[in-house]
Engineer: 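Below are the structure tokens for one structure; questions will follow.
Order of appearance sets the numbers: ligands from 1, and atoms from 1 within every ligand. Note: hydrogens, waters and symmetry copies are ignored here, and every other heavy atom, side chains too, is used.
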Amino acid sequence: MQELVKLIQEAVIDISNALKFPDTSYSEEKNSSGDTQLKFDVLSDEIITHHLSKSKALKALISEEKEEILKFNENAQFIVAYDPLDGSSLMDVNFAIGSIFAIYKEEVSPKNLKAALYSIYGARLELVCCEGEEVKLYRLNEGGKFDFVKELKMAEKGKINATGGTQKFWDNKHANFIKGLFEEGYRLRYSGAMVSDIHQILLKGGGLFSYPATKDAPNGKLRALFEIFPLAFIIEKAGGATTNGQNASLLELEFHQIHATSPCFFGSEYEINKLLKAYNG
Ligand code: AHG
Ligand code: MN
Ligand code: MN
């Protein structure tokens, strides 16, 4: 697995460099979720495939930008599912975006999630990595190597409310819960790149990121294998909590389609408990 982590580091450095002078136009293609692909979504996907395919330990790759599973060594152990560029619709406004990776052993199930990583392409290149129990933040130094910065931990309660989904399609239960958090003093922070919004919550120590079921997207928008599971793994290992609105953890869910979506909530213990009460009476 160490080799895969090293190859992910190489891939995100290449993507970060390519992002400095990008082609931000759209391609002619749509991905499996129906989003029109930016040329940069496709390029990031190619960069990651190029690097990870060097590993003998790689059984298969699952990407937001690939319709099907891409198979490699049948006898190898690891399947990597990834979102090559999360928040790519923000490329034109030069906001921080990132890549998200989940490393599964043998089967694509959250029970088999062995490591989760994400990069942030902001003013700096940062990488958050959780391979065991600790969530570690790294920054790229001037010599092109990642330096360990610190371990990340969630506080029991935060101040940030990152509210996803089209508000006019929220149901009343969700709208009232979100309103309640603002009335308690929570402040709105939402960029539209899940990876950056969750990074902010992790670094500021707490808060809530929500992407609920809505009338226009009854199963939510965010994808389980390469967005929800890796970020839920990181948030929970950092001492936070997650739910789909009913269950005690997003990591209890199982899906059979590689592009499946789910409503999802990530936060500190306090906000997730409050949400479960609001949702379930
Ligand atoms: P992607 O760029 O990989 O398609 O993901 C975008 C996702 C996620 O990053 C973000 O939280 C969400 O879409 C934003 O959606 P809304 O514009 O509906 O808030
Ligand atoms: Mn995404
Ligand atoms: Mn993406």
Engineer: Does either side chain, that of Thr242 or that of Glu236, offer a donor lying less than 3.5 Å from an acceptor on the other one?
Structural biologist: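 On atom types as modelled, these side chains qualify, holding a pair under 3.5 Å.
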Engineer: Could you tell me, atom by atom, which parts of ligand 1 come under 4.0 Å of a heavy atom of Ser88?
Structural biologist: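 In order of number, 2 (O).
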Engineer: Is it true that Lys215 and Thr166 share a donor-acceptor pair across their side chains at a distance under 3.5 Å?
Structural biologist: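 Result is no, nothing qualifies.
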Engineer: Would you check if the Mn ion (ligand 3) lies under 2.8 Å from any N, O or S atom of Pro84?
Structural biologist: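 False for Pro84.
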Engineer: Return the residue, atom name and 0.1 Å-rounded distance of the protein heavy atom closest to atom 5 (O) of ligand 1.
Structural biologist: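 Of the protein heavy atoms, Asp86 OD1, 3.2 Å lies nearest.
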Engineer: So is there a nitrogen or oxygen of Gly164 less than 3.5 Å from a nitrogen or oxygen in ligand 1?
Structural biologist: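 Gly164 vs ligand 1: no N/O contact under 3.5 Å.
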Engineer: Any donor-acceptor pair under 3.5 Å linking the side chain of Asp45 with the backbone of Asp41?
Structural biologist: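 No; zero donor-acceptor contacts below 3.5 Å.
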Engineer: Can you report which non-hydrogen protein atom sits closest to atom 7 (C) of ligand 1, along with the distance?
Structural biologist: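 Protein heavy atom with the smallest distance to atom 7 (C) of ligand 1: Leu222 CD2, 3.7 Å.
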Engineer: Could you list which atoms of ligand 1 come closer than 4.0 Å to a heavy atom of Ala193?
Structural biologist: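 Answer for ligand 1: 9 (O).
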Engineer: Can you name the nearest heavy-atom pair linking Gly144 to Ile13, along with the distance?
Structural biologist: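 What the structure gives for the nearest pair is O-CD1, 3.8 Å.
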Engineer: Look at atom 10 (C) of ligand 1 and say which protein heavy atom is nearest, naming residue and atom and giving the distance to 0.1 Å.
Structural biologist: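 Ranking protein heavy atoms by distance from atom 10 (C) of ligand 1, first comes Gly192 O, 3.3 Å.
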Engineer: Looking only at non-hydrogen atoms, which of Glu227, Glu65, Lys221, Arg223 approaches atom 12 (C) of ligand 1 most closely?
Structural biologist: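 The option holding the nearest heavy atom is Lys221.
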Engineer: Would you mind listing which atoms of ligand 1 come within a distance below 4.0 Å of any non-hydrogen atom of Leu85?
Structural biologist: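 Answer, ordered by atom number: 2 (O), 3 (O).
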Engineer: Quick test: of every protein heavy atom, which one is nearest to atom 18 (O) of ligand 1, and how far off is it to 0.1 Å?
Structural biologist: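 The closest one turns out to be Tyr211 OH, 2.6 Å.
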Engineer: Using a 4.0 Å cut-off to any heavy atom of Phe209, which atoms of ligand 1 qualify?
Structural biologist: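 Under 4.0 Å from Phe209, ligand 1 has these atoms: 11 (O).
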Engineer: How about CD on Glu156, more than 12 heavy atoms from neighbouring residues, nucleotides or ligands closer than 6.0 Å, or not?
Structural biologist: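 For Glu156, atom CD is not crowded (no more than 12 foreign heavy atoms under 6.0 Å).
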Engineer: Is any NZ, NE, NH1 or NH2 atom of the basic residue among Glu151 and Lys153 found under 4.0 Å from an Asp or Glu carboxylate oxygen of the other?
Structural biologist: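 Answer for the salt bridge query: yes.
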Engineer: Taking a cutoff of less than 4.0 Å between a non-hydrogen atom of the residue and any ligand atom, is Asp197 in contact with ligand 1?
Structural biologist: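 So Asp197 does not count as touching ligand 1.
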Engineer: Do side-chain atoms of Asp86 reach the backbone of Val195 as a donor and acceptor pair under 3.5 angstrom?
Structural biologist: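 Checked: pair present.
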Engineer: Which atom, counting only N, O or S, brings Asp83 closest to the Mn ion (ligand 3)?
Structural biologist: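 Looking at Asp83, the N, O or S atom with the least distance to the Mn ion (ligand 3) is OD1.
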Engineer: How far is atom 2 (O) of ligand 1 from its nearest protein heavy atom, and which residue and atom is that?
Structural biologist: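 Residue, atom and distance for the closest contact: Gly87 N, 2.8 Å.
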Engineer: Hey, any chance Ile235 and Leu276 share a hydrophobic cluster, counting ILVMFWY side chains that come within less than 4.5 Å of each other, even indirectly?
Structural biologist: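 Per the 4.5 Å side-chain linkage, Ile235 and Leu276 are co-clustered.
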Engineer: Backbone or side chain, does any N or O of Tyr190 fall under 3.5 Å from an N or O of ligand 1?
Structural biologist: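 In this structure, Tyr190 places an N or O atom under 3.5 Å from an N or O of ligand 1.
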Engineer: Using a 3.5 Å distance criterion without hydrogens, assess whether the side chain of Asn244 forms a donor-acceptor pair with backbone atoms of Asn247.
Structural biologist: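 A pair under 3.5 Å: yes.
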Engineer: For N/O/S atoms only: which one belongs to Asp86 and is nearest the Mn ion (ligand 2)?
Structural biologist: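 Minimum-distance N/O/S atom of Asp86 relative to the Mn ion (ligand 2) is OD1.
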Engineer: For the Mn ion (ligand 2), find the closest N/O/S atom belonging to Glu227 and write down its atom name.
Structural biologist: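 Of the nitrogen, oxygen and sulfur atoms in Glu227, the Mn ion (ligand 2) lies nearest to OE2.
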Engineer: Which atoms of ligand 1 are found less than 4.0 Å from any heavy atom of Asp83?
Structural biologist: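 This gives 3 (O) as the contact atoms.
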Engineer: Looking at the Mn ion (ligand 3), which N/O/S atom of Glu64 is the nearest one?
Structural biologist: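 Considering only N, O and S atoms, Glu64 comes nearest to the Mn ion (ligand 3) through OE1.
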Engineer: I'd like to check whether Met194 has a polar contact with ligand 1, where a contact means an N/O of the residue lying under 3.5 Å from an N/O of the ligand.
Structural biologist: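 Indeed, backbone or side chain, Met194 has an N or O that close.
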Engineer: Under the salt bridge (Lys or Arg N to Asp or Glu O under 4.0 Å) test against Glu184, which residue among Lys179, Lys159, Lys274 passes?
Structural biologist: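 Exactly one option meets the salt bridge (Lys or Arg N to Asp or Glu O under 4.0 Å) with Glu184, and it is Lys274.
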Engineer: Main chain of Met194, side chain of His199: is a donor-acceptor contact present, judged purely on distance under 3.5 Å?
Structural biologist: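 Not at all, since once roles are kept as given, no pair shorter than 3.5 Å links the two residues.
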Engineer: Pull out every atom of ligand 1 sitting under 4.0 Å from any heavy atom of Glu64, numbered as shown with elements.
Structural biologist: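 Within the 4.0 Å cut-off of Glu64, ligand 1 contributes 3 (O), 4 (O).
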Engineer: Are any of the side-chain nitrogens in Lys136 or Glu131 under 4.0 Å away from the carboxylate oxygens of its partner?
Structural biologist: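 Between Glu131 and Lys136 there is no salt bridge, as every charged N stays at least 4.0 Å from the carboxylate O atoms.
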Engineer: Are the charged groups of Glu3 and Lys56 less than 4.0 angstrom apart, N to O?
Structural biologist: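 Salt bridge: no.
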Engineer: If the contact criterion is a heavy-atom separation under 4.0 Å, does Asn31 count as touching ligand 1?
Structural biologist: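 Asn31: no contact with ligand 1 (<4.0 Å).
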